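Working notes for the structure below.
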2 protein chains.
Amino acid sequence: MAVTIKDIAKEAGVSKSTVSRALNNKPRIDEKTKKRILETAKKMNYRHNKLATSLRSNKSMVVGVIFPGFTTSHFYAEIFNGIEDYCVNEEYGVLIGSSDSDTEKEEKIIQLLEERKVDGMIIAPTIGVNIDYYKHLQKDNIPFVFIDKYLPEIKTDIIKVNNTDGAYKATNYLIEKGHKKIVFMSGPEYPCMSIKERYQGYKKAILNNGLEFSKLIKAEKYVFNQRKSGYEAMKKFLKKDINFSAILAVNDSIAIGAMRALREANIKIPDEVALIGFNDDDILKYLQKPLTTVKVPKYQMGFKAAELLISKIKGNDINETIVLDTDLVVRNTS
Amino acid sequence: MAVTIKDIAKEAGVSKSTVSRALNNKPRIDEKTKKRILETAKKMNYRHNKLATSLRSNKSMVVGVIFPGFTTSHFYAEIFNGIEDYCVNEEYGVLIGSSDSDTEKEEKIIQLLEERKVDGMIIAPTIGVNIDYYKHLQKDNIPFVFIDKYLPEIKTDIIKVNNTDGAYKATNYLIEKGHKKIVFMSGPEYPCMSIKERYQGYKKAILNNGLEFSKLIKAEKYVFNQRKSGYEAMKKFLKKDINFSAILAVNDSIAIGAMRALREANIKIPDEVALIGFNDDDILKYLQKPLTTVKVPKYQMGFKAAELLISKIKGNDINETIVLDTDLVVRNTS
DNA sequence: CCAATCTGCGGTAACGTTCCCTCAAAGCTC
DNA sequence: GAGCTTTGAGGGAACGTTACCGCAGATTGG
């Protein structure tokens with residue numbers, strides 16, 4: 001059906017080997033024959049079949065990406081941008097799967113990617129996933145990099161952000177502003193390392209200043225739409241009539257949800273309650289009260305992860321944890 | 001290196017063919033041998049190599065997706081969700097590329113996907129792209145489906161939304177509310193069919209009611225961040241001191257940008273100016289003034305596109321344009 | 001000037017599957 | 001029980017590449 005190097009070879013009157021040499025810019029070929037071959041290839045509308053190359057050379061030139069999903073916020077979308085930019089530049093394709101933070105889906109996607117022989121993976125893993133899958137990947141020598149989240153049991157490269165420090169800075173800032181009752185808001189969510197770390201940073205600042213770390217609004221179930229869950233958790237929390245003057249939310253989406261609940265309860269931000277988010281979603285600037293937040297270098301995380309992974313694919317036996325810094329961005333809610 | 005069916009065959013004392021039959025649930029094999037083979041496969045930690053299968057059977061079980069990008073809004077992210085859900089269920093992988101609405105990038109991605117022998121593609125094409133690439137796909141018998149956007153020159157299946165009707169409904173609603181000076185806001189953006197259609201719907205409603213279709217804020221250049229461009233276009237527009245009482249924005253992101261500019265200019269929404277967006281991004285509900293908009297069934301678009309594409313891959317020679325309906329969602333800005 | 005190296009190219013075996021053909025043995029029909 | 005179909009299995013080609021080996025002829029060096 002499709003035209004192959006064999007067809008070109010016949011047309012140009014040379015052997016397959018020579019055609020391959022011409023197409024792949026290899027040495028040991030006369031410039032003139034090379035030119036002639038490339039021309040006939042173009043004329044015959046030849047398309048390289050990378051499947052065959054992959055099979056032979058044991059390199060698919062595809063990396064797999066597993067994310068919880070793209071819809072809850074721009075967070076992973078921006079990380080993905082960074083990954084894609086680096087990969088496309090290096091001629092890698094990107095095969096993607098959303099886990100929806102569902103361990104079974106994640107396991108299924110790992111298998112799908114492995115069967116398609118991706119050269120490596122970038123993963124934001126879900127806590128609770130069967131770590132045997134990751135151990136298998138290691139045994140099968142398929143490099144992978146964790147991004148944003150990670151599994152403590154699995155030793156591999158990690159690209160993350162200094163969550164503890166970010167939350168510490170934000171909390172300290174609130175304390176300096178005179179707040180005594182600061183609530184950490186985690187919203188209904190599945191467990192993950194980032195949340196834990198952010199909570200630790202918050203707690204550290206609170207304890208350093210001799211304050212009480214106030215009750216956090218805790219997950220009762222696992223929810224996709226974080227804005228909605230933040231909204232509902234805050235509504236519930238307000239009914240309890242607890243005294244507080246500031247909130248540090250674990251991410252922007254939850255903060256936006258909380259903001260809506262506070263607004264509907266006629267609580268003035270920041271006069272009555274200060275609010276700080278996390279991640280610095282682009283949308284924050286467009287809110288009526290632009291949200292104070294902790295900025296996370298999302299694009300860079302993705303870019304660096306891809307860089308690291310492809311370096312590993314190329315044989316560099318690195319094993320490191322890259323921790324990127326955060327910045328407190330003060331806007332109008334604090 | 002990795003264990004192959006040959007290894008299993010040796011271990012189980014059968015031939016490669018028999019192993020293949022066992023693994024693929026094919027007939028003409030004894031239940032007992034099948035069971036034995038499956039067990040040894042599991043024991044040996046066998047991983048199917050789909051690359052080899054693809055090469056042999058000429059089916060990669062991968063579909064390619066080309067979108068402008070994921071970051072400007074949730075629009076494509078939600079479409080992608082629909083695509084992925086359908087594809088994963090049908091055992092297809094999803095290879096993705098962002099064009100950033102850059103024709104050269106789009107052409108590069110088409111080639112990348114074609115070389116990886118995807119079985120089909122779902123594309124939101126960029127106007128101005130060299131249509132030869134698409135003609136080649138057709139000549140090479142690689143099915144593809146346009147989604148959201150399309151190229152009039154290329155005859156293929158299209159999944160879209162009734163943009164004209166949506167804009168018509170929104171404009172009519174504004175007219176019924178008594179608005180006489182309604183501005184259509186397209187924001188700085190590259191040309192695309194959806195925008196044209198939405199503008200036509202707007203114009204039709206205006207003309208039907210004997211009004212003047214007021215100047216639209218026009219693109220001066222091509223911009224990634226639509227919120228930002230909407231914001232800046234509106235700031236510029238306000239300086240011109242033109243009389244208007246309502247705006248129909250071509251999408252929610254631009255509307256959100258415009259909203260910010262109006263707010264900063266102390267113009268009350270909806271009292272002084274009514275504002276309607278398009279698409280119904282989830283974020284709208286969380287704005288201080290939840291935005292009136294035209295709801296687009298994004299997830300369904302993606303799901304249907306995948307369904308259609310895979311049906312074509314399986315040999316059904318369909319050629320249709322599916323037009324999904326929109327709904328006007330009235331909130332607090334109109 | 002003869003051995004050693006280099007250049008340009010061809011032939012063929014992989015890579016891991018599936019598909020097609022063959023073939024013996026068993027089961028069926030009348 | 002002779003002819004037919006069905007079942008279970010093996011052998012090898014093929015998918016489109018690349019890797020490796022070989023081999024003339026040209027070039028180099030002491």
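We name chains A, B, ... by the order of the sequence lines, and we start the count at 1 in each one. None of these values were measured; they are calculated from a predicted model.
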Margin query: I'd like to know whether the aromatic ring centres of B:Phe67 and B:Tyr76 sit less than 6.0 Å apart in this structure.
Written below: yes
Notebook entry, point to check: Listed by chain and number, what are the side chain to side chain donor-acceptor pair (under 3.5 Å) partners of A:Ser98, not counting sequence neighbours?
Noted result: B:Glu84
Checklist line | Within residues 28-39 of chain B or reaching into it, pairs that qualify as side-chain hydrogen bond (donor to acceptor under 3.5 Å, both in side chains) - sequence neighbours excluded | finding: B:Asn25-B:Lys34
Note to self: Short of 4.0 Å, heavy atom to strand atom, which residues of residues 23-38 of chain A count as contacting DNA chain C?
What the structure shows: A:Arg28, A:Ile29, A:Asp30, A:Thr33
Next item on the list: Mind calculating the distance between NZ (B:Lys6) and C1' (D:dG10) to the nearest angstrom?
Entry: 15 Å
Notebook entry, point to check: Listed in order of residue number, which residues of residues 40-55 of chain B have a non-hydrogen atom at under 4.0 Å from DNA chain C?
Noted result: B:Tyr46, B:Arg47, B:His48, B:Asn49, B:Ala52, B:Thr53
Using distance only, find each side-chain donor-acceptor pair of residues 114-124 of chain B under 3.5 Å and give its atom names and separation, not counting sequence neighbours.
{"unit_1": "B:Glu114", "atom_1": "OE1", "unit_2": "A:Arg47", "atom_2": "NH1", "d": "2.9"}
{"unit_1": "B:Glu115", "atom_1": "OE1", "unit_2": "A:Lys50", "atom_2": "NZ", "d": "3.1"}
{"unit_1": "B:Arg116", "atom_1": "NH2", "unit_2": "A:Met61", "atom_2": "O", "d": "2.7"}
{"unit_1": "B:Arg116", "atom_1": "NH2", "unit_2": "A:Glu91", "atom_2": "O", "d": "2.8"}
{"unit_1": "B:Asp119", "atom_1": "OD1", "unit_2": "B:Ser60", "atom_2": "N", "d": "2.9"}
{"unit_1": "B:Asp119", "atom_1": "OD1", "unit_2": "B:Ser60", "atom_2": "OG", "d": "3.3"}
{"unit_1": "B:Asp119", "atom_1": "OD2", "unit_2": "B:Ser60", "atom_2": "N", "d": "3.2"}
{"unit_1": "B:Asp119", "atom_1": "OD2", "unit_2": "B:Met61", "atom_2": "N", "d": "2.7"}

Check: How far does the helix from C:dC1-D:dG30 to C:dC30-D:dG1 bend, going by the axes of its first and last five pairs, to the nearest 10°?
Finding: 30°
Item checked: Euclidean distance, atom CD of residue B:Glu115 to atom P of D:dT18 [Å, nearest integer] -> 11 Å
Notebook entry, point to check: Who passes side chain to side chain donor-acceptor pair (under 3.5 Å) against B:Lys16, sequence neighbours left out?
Noted result: none
Checklist line | side chain to side chain donor-acceptor pair (under 3.5 Å) partners for A:Ser15, two or more places apart | finding: A:Thr18
Next item on the list: If the plane angle is over 60° it's perpendicular, under 30° parallel, otherwise tilted; pick one for B:Phe146 and B:Tyr134.
Entry: perpendicular
Next item on the list: Please list, by residue number, the residues of residues 10-22 of chain A whose heavy atoms come closer than 4.0 Å to an atom of DNA chain D; answer none if no residue qualifies.
Entry: A:Lys16, A:Ser17, A:Ser20
Check: Going by an N to O cut-off under 4.0 Å, is there a salt bridge joining A:Asp157 and A:Lys312?
Finding: yes
Note to self: Expressed as a whole number of angstroms, how long is the span from B:Ile8:CD1 to D:dA9:P?
What the structure shows: 16 Å
Next item on the list: Round to a whole Å and report the spacing from CZ of A:Arg116 to P of C:dG16.
Entry: 18 Å
Check: Taking only residues two or more places apart in sequence or in another chain, which ones pass side chain to side chain donor-acceptor pair (under 3.5 Å) with A:Thr40?
Finding: none
Note to self: Can you list everything that forms a ring pair (Phe, Tyr, Trp, His ring centres under 6.0 Å) with A:Tyr92? Sequence neighbours excluded, please.
What the structure shows: none
Next item on the list: Measure the distance from CD1 on A:Ile5 to C1' on C:dC9 and round it to the nearest whole Å.
Entry: 14 Å
Checklist line | Flag if over 12 foreign heavy atoms under 6.0 Å of CG, B:Asp317 | finding: no
Note to self: By the ring-ring contact (aromatic ring centres under 6.0 Å, His included) test, which pairs, at least two apart or in different chains, include something from residues 21-58 of chain B?
What the structure shows: none
Check: Are A:Lys135 and A:Glu153 close enough for a salt bridge, meaning some N to O gap below 4.0 Å?
Finding: no
Next item on the list: Report the residue (B:Ser57 or A:Arg56) whose heavy-atom-nearest nucleotide on DNA chain C is the more 5′ of the two.
Entry: A:Arg56
